[in-house]
Amino acid sequence: MLVRELPDGMVGGRIVETEAYIIGDPASHAYRGMTPGNRSMFLDRGHAHVYFTYGSSWMMNVSSEKAGVGAGILIRAIEPTIGIAIMERNRAATEQTRWSGRLQDLARGPGRLCAAMQIDRRLDGIDLCKEGPLWLGSDGRAVGEIGQSKRIGISQAADSLLRFYVRGSRFVSGTRALNI
DNA sequence: TTGGCGATTGGCT
DNA sequence: GCCAATCGCCAAT
């Protein structure tokens with residue numbers, strides 16, 4: 001689960017899609033070493049790396065190695081379960097990412113997910129494994145079968161099978177062919 | 001349902 | 001300047 005605590009209430013859901021950006025990965029923001037913009041990717045595992053791209057979208061990684069090593073997991077989609085009405089309002093209020101009105105599109109894709117959950121620069125660097133405005137947890141439900149594919153939208157190391165998704169979930173992004 | 005394309009901001013070289 | 005871990009629109013199937 002990824003959970004966000006907002007003034008209006010809690011929002012979030014089950015993580016159904018991720019991508020790995022591993023050590024020595026040419027597609028990773030951390031590949032060329034630490035800069036002011038990617039330093040949170042070098043925090044100890046379990047911290048947020050929030051960044052802005054394409055002039056329109058915030059996205060979030062979870063740092064995944066020990067302090068000083070740059071690597072992370074991109075959270076690409078959630079199945080909304082908590083505070084759906086609040087997330088719908090957040091998407092509707094975001095001009096850059098217009099919401100189709102369908103629940104399955106509410107947090108389907110890394111930019112949409114951050115828009116729905118109001119994840120932005122202010123959360124960069126926080127510890128996701130303790131109480132706070134954004135944290136990781138579990139609802140205790142069994143995880144479904146996990147599929148594996150190429151990552152989406154990158155040009156470097158494009159063929160590495162580092163994308164992971166819940167097979168059969170309609171809350172997963174990408175084309176049908178990617179989600180077999 | 002699928003694939004191609006342009007908008008638009010910030011960080012880095 | 002350059003370009004990007006996206007999105008939504010449009011046309012074609």
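Here is the naming used below: chain letters follow the sequence lines, and residue numbers restart at 1 for every chain. Note that these values count all heavy atoms, side chains included, but never hydrogens, waters or copies made by symmetry.
Contacts between residues 102-129 of chain A and DNA chain B, defined by a heavy-atom separation below 4.0 Å, involve A/Arg121, listed by number. Listed in residue order, the members of residues 155-180 of chain A having a heavy atom less than 4.0 Å from DNA chain B are A/Thr175, A/Arg176. Shown for residues 33-44 of chain A: residues whose heavy atoms fall under 4.0 angstrom of DNA chain C, namely A/Met41. In the region residues 63-76 of chain A, proximity to DNA chain C at under 4.0 angstrom, judged on heavy atoms, holds for A/Leu74, A/Arg76.
With sequence neighbours left out, A/Phe52 forms a ring-ring contact (aromatic ring centres under 6.0 Å, His included) with A/Trp58. Residues satisfying the salt bridge (Lys or Arg N to Asp or Glu O under 4.0 Å) test with A/Asp44, not counting sequence neighbours, are none.
Note: OH (A/Tyr31) to P (C/dA5) measures 14 Å, nearest angstrom. What separates NZ of A/Lys150 from C1' of C/dA5 is a distance of 16 Å, to the nearest Å. Taking atom CH2 on A/Trp99 and atom P on C/dC7, their separation rounds to 15 Å, with Å as the unit. If you take CD1 of A/Ile152 and C1' of C/dC7, they are 12 Å apart, rounded to a whole angstrom. For the pair A/Asn61 CG and C/dA4 C1', the computed distance is 14 Å after rounding to whole Å. Distance, A/Glu17 CD to C/dT6 C1': 12 Å, rounded to whole Å. Between the P atom of C/dC7 and the CZ atom of A/Arg98 lies a distance of 15 Å, rounded to the nearest Å. The separation between A/Arg91 atom CZ and C/dT6 atom P is 14 Å, rounded to whole Å.
Shown here, C/dA4 forms a base pair with B/dT9; the pair counts as Watson-Crick or G-U wobble because both key distances fall under 3.5 Å.
Between A/Arg91 and A/Asp105, no side-chain nitrogen of the basic residue sits less than 4.0 Å from a carboxylate oxygen of the acidic one, so the salt-bridge criterion is not met. Using a cut-off of 4.0 Å between Lys/Arg side-chain N and Asp/Glu carboxylate O, A/Asp127 and A/Arg45 are scored as not salt-bridged.
At least one side-chain heavy atom of A/Asn179 sits less than 4.5 Å from a side-chain heavy atom of A/Tyr165. Proximity of A/Ile86 to A/Leu6: side-chain heavy atoms (C-beta onward) are separated by under 4.5 Å at one or more points. No side-chain heavy atom of A/Arg167 sits under 4.5 Å from any side-chain heavy atom of A/Ile180. Side-chain contact between A/Val11 and A/Ile84 is absent, with no heavy atoms from C-beta onward closer than 4.5 Å. A 4.5 Å side-chain heavy-atom check between A/Met60 and A/Leu74 finds every atom pair outside the cut-off.
Of the N and O atoms on the side chains of A/Ser149 and A/Arg163, at least one donor lies less than 3.5 Å from an acceptor on the other residue.
Place A/Arg32 and A/Ser56 on DNA chain B by their nearest nucleotides, and A/Ser56 ends up nearer the 5' end.
Taking each heavy atom of A/Ser57 and A/Thr97 in turn, the nearest pair found is OG-CG2, 4.4 Å.
No aromatic stack links A/Phe52 and the base of B/dG10, using centre distance under 5.5 Å and interplanar angle under 30°.
Between the side chain of A/Asp124 and the backbone N or O of A/Val50 there is at least one donor-acceptor pair closer than 3.5 Å. Of the possible polar contacts, one joining the A/Glu17 side chain to the A/Ser173 backbone as a donor-acceptor pair under 3.5 Å is found.
Applying the 3.5 Å distance criterion, the base of C/dA5 shares a donor-acceptor pair with the side chain of A/Tyr51.
Taking the six-membered ring where the residue is Trp, the centroids of A/Tyr51 and A/His29 are separated by under 6.0 Å.
Looking at heavy-atom distances under 4.0 Å, A/Thr53 makes contact with a base.
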